[in-house]
Structure formats: C-alpha cells, structure tokens
Amino acid sequence: MATVRPGVMQKIAPIAGAKAEVIEFNPGFTPDNKYVEIVEVVKSVKETVDIQAAKILVSGGRGVGSEENFKLLRDLADAIGGEVSCSRAVVENGWLSQDHQVGQTGKTVRPNVYFAIGISGAIQHVAGMEESDVIIAINKDEDAPIFDVADYGIVGDLNKIVPQLTEAIKAEIANK
C-alpha cells in the first residue's frame with residue numbers, strides 16, 4: 001500500500017477491467033469493542049477555497065508586506081478569475097489561513113497559471129507549485145530563487161507592478 005499527497009501526481013485514465021488483489025486481514029478487532037471514544041464534536045463554519053482545484057493562483061509571500069497589501073493580490077485574482085494562495089510565512093504572520101498555503105506543509109497545486117508575488121522561492125514552497133503549467137514571478141530581489149523555476153519573471157516593486165497588471169487585464173477584458 002502506498003499514499004501520496006494530493007496533487008503530487010497527475011491522475012491516469014481509468015483502466016477498463018483492471019483488478020486488484022484483495023488480501024483479507026483481521027488484526028484481532030472484535031465488533032463490539034470500543035476502540036475510539038468520541039469526547040466532543042466541535043463544528044465550525046468557515047468559508048474555504050480549494051486552491052488545488054483553481055486554474056489560476058495568485059500567491060503571495062512575506063514580500064507582500066502586510067495583510068492589507070493582499071488586497072492587491074485579491075484584485076488581480078478577481079480580474080483574471082483566479083484564487084489567492086500564499087506561502088508558509090504568510091500563514092505564520094496570520095495574514096491568511098492555512099487553507100491557502102502552498103508548499104510541503106501546505107497543499108500541492110498544479111494550476112494553469114501560478115503568480116508568485118513577493119515569494120522568495122524556498123525549496124519547501126517550490127515543492128508545492130513547481131508543476132504549474134506557467135509560473136510568473138514578481139520579486140524585487142533579482143537573485144531570488146523563485147526566478148530559477150519561473151517561466152516569466154519581473155524584477156520590481158509589487159506595489160507598482162501588480163496594480164498596473166490588474167488594470168491592464170481589466171482593460172483587455174473590457175475591450176473584448
């Protein structure tokens with residue numbers, strides 16, 4: 001038996017007529033014995049987004065600077081029909097919930113387009129997004145490791161670049 005984290009591999013097409021060998025194993029459990037005791041059920045209602053299903057992700061890192069600055073990323077994501085995600089540093093700072101985290105301790109994603117904005121490119125983060133079809137990095141540090149995996153890179157201030165990009169996309173959509 002083997003398991004892998006979701007999103008690590010592409011799904012294969014079902015194989016018609018495939019059969020698995022089933023081996024019955026009884027570890028000695030008895031039907032009437034209590035192996036688990038439920039002490040309390042706590043239900044919390046929160047809106048979550050499935051970043052693993054998103055075709056376009058606008059992901060931010062520590063370089064975004066603050067929770068308030070994530071509005072720039074949300075505006076871009078809204079303009080292109082994407083979702084916002086983030087690096088571990090963002091979750092640790094409390095700017096976004098862990099549901100949005102990409103990386104080894106977050107989720108593995110494979111969107112068509114992945115924007116890495118203010119993300120340095122630590123190997124733990126890259127492991128969760130390097131299989132994206134197109135990776136666009138925006139970072140002020142021209143030596144940031146994220147540029148090693150990016151298909152396109154923009155070196156500059158995200159506070160100037162992201163709003164201009166968002167407006168250009170909105171204008172292009174309006175012209176269609």
Side-chain angles (χ1 to χ4, degrees), residues 5-8 10 42-176:
R5 292 176 354 127
V8 171
Q10 297 284 358
V42 178
K43 293 183 180 183
S44 67
V45 177
K46 63 179 179 175
E47 271 192 46
T48 60
V49 62
D50 183 7
I51 62 172
Q52 291 178 303
K55 298 293 181 195
I56 300 172
L57 282 175
V58 178
S59 199
R62 181 177 287 133
V64 173
S66 68
E67 183 175 0
E68 294 75 30
N69 284 353
F70 265 84
K71 181 180 182 333
L72 297 173
L73 278 63
R74 282 189 196 91
D75 290 346
L76 176 58
D78 289 345
I80 57 178
E83 297 291 345
V84 172
S85 59
C86 66
S87 67
R88 187 182 74 186
V90 170
V91 173
E92 288 175 350
N93 284 329
W95 301 344
L96 288 177
S97 69
Q98 192 167 11
D99 297 335
H100 296 88
Q101 184 181 334
V102 173
Q104 282 182 331
T105 55
K107 295 178 181 174
T108 300
V109 296
R110 290 175 177 265
N112 298 119
V113 180
Y114 187 87
F115 285 88
I117 302 174
I119 292 176
S120 65
I123 191 67
Q124 294 86 349
H125 183 81
V126 171
M129 49 65 77
E130 66 186 337
E131 296 298 322
S132 302
D133 293 341
V134 176
I135 300 170
I136 303 165
I138 302 172
N139 199 299
K140 66 181 178 184
D141 178 6
E142 64 185 43
D143 297 322
I146 193 67
F147 291 122
D148 294 338
V149 295
D151 296 292
Y152 301 97
I154 302 170
V155 177
D157 182 354
L158 67 91
N159 294 298
K160 294 177 182 173
I161 295 167
V162 174
Q164 289 178 3
L165 181 59
T166 303
E167 290 309 311
I169 290 169
K170 286 180 180 177
E172 186 65 29
I173 291 171
N175 289 333
K176 288 189 177 191

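Heads up: numbering here begins at 1 and tracks the sequence.
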Is there a donor-acceptor pair closer than 3.5 Å between any side-chain N or O of [X] and the backbone N or O of [Y]?
X	Y	result
Q52	T108	yes
E142	F147	no
D157	N159	yes

Distance from [X] atom [atom1] to [Y] atom [atom2], nearest 0.5 Å?
X	Y	atom1	atom2	value
Q101	S85	CD	OG	10.0 Å
L96	E67	CG	CD	7.0 Å
N139	I161	CG	CD1	9.5 Å
E130	I146	CD	CD1	10.0 Å
L158	Q164	CG	CD	12.0 Å
K107	H100	NZ	NE2	8.5 Å

Are any of the side-chain heavy atoms of [X] and [Y] separated by less than 4.5 Å?
X	Y	answer
I135	M129	yes
V162	I138	yes
L165	I154	no
D99	I51	no

Problem - Heavy-atom pair with the smallest gap, counting every atom of V91 and Q98 - result: CG2-CA, 4.0 Å
Problem - Heavy-atom neighbours of R88 CZ exceed 12 at 6.0 Å - result: no
Problem - Side-chain ion pair, K71 and D75, N-O less than 4.0 Å - result: yes
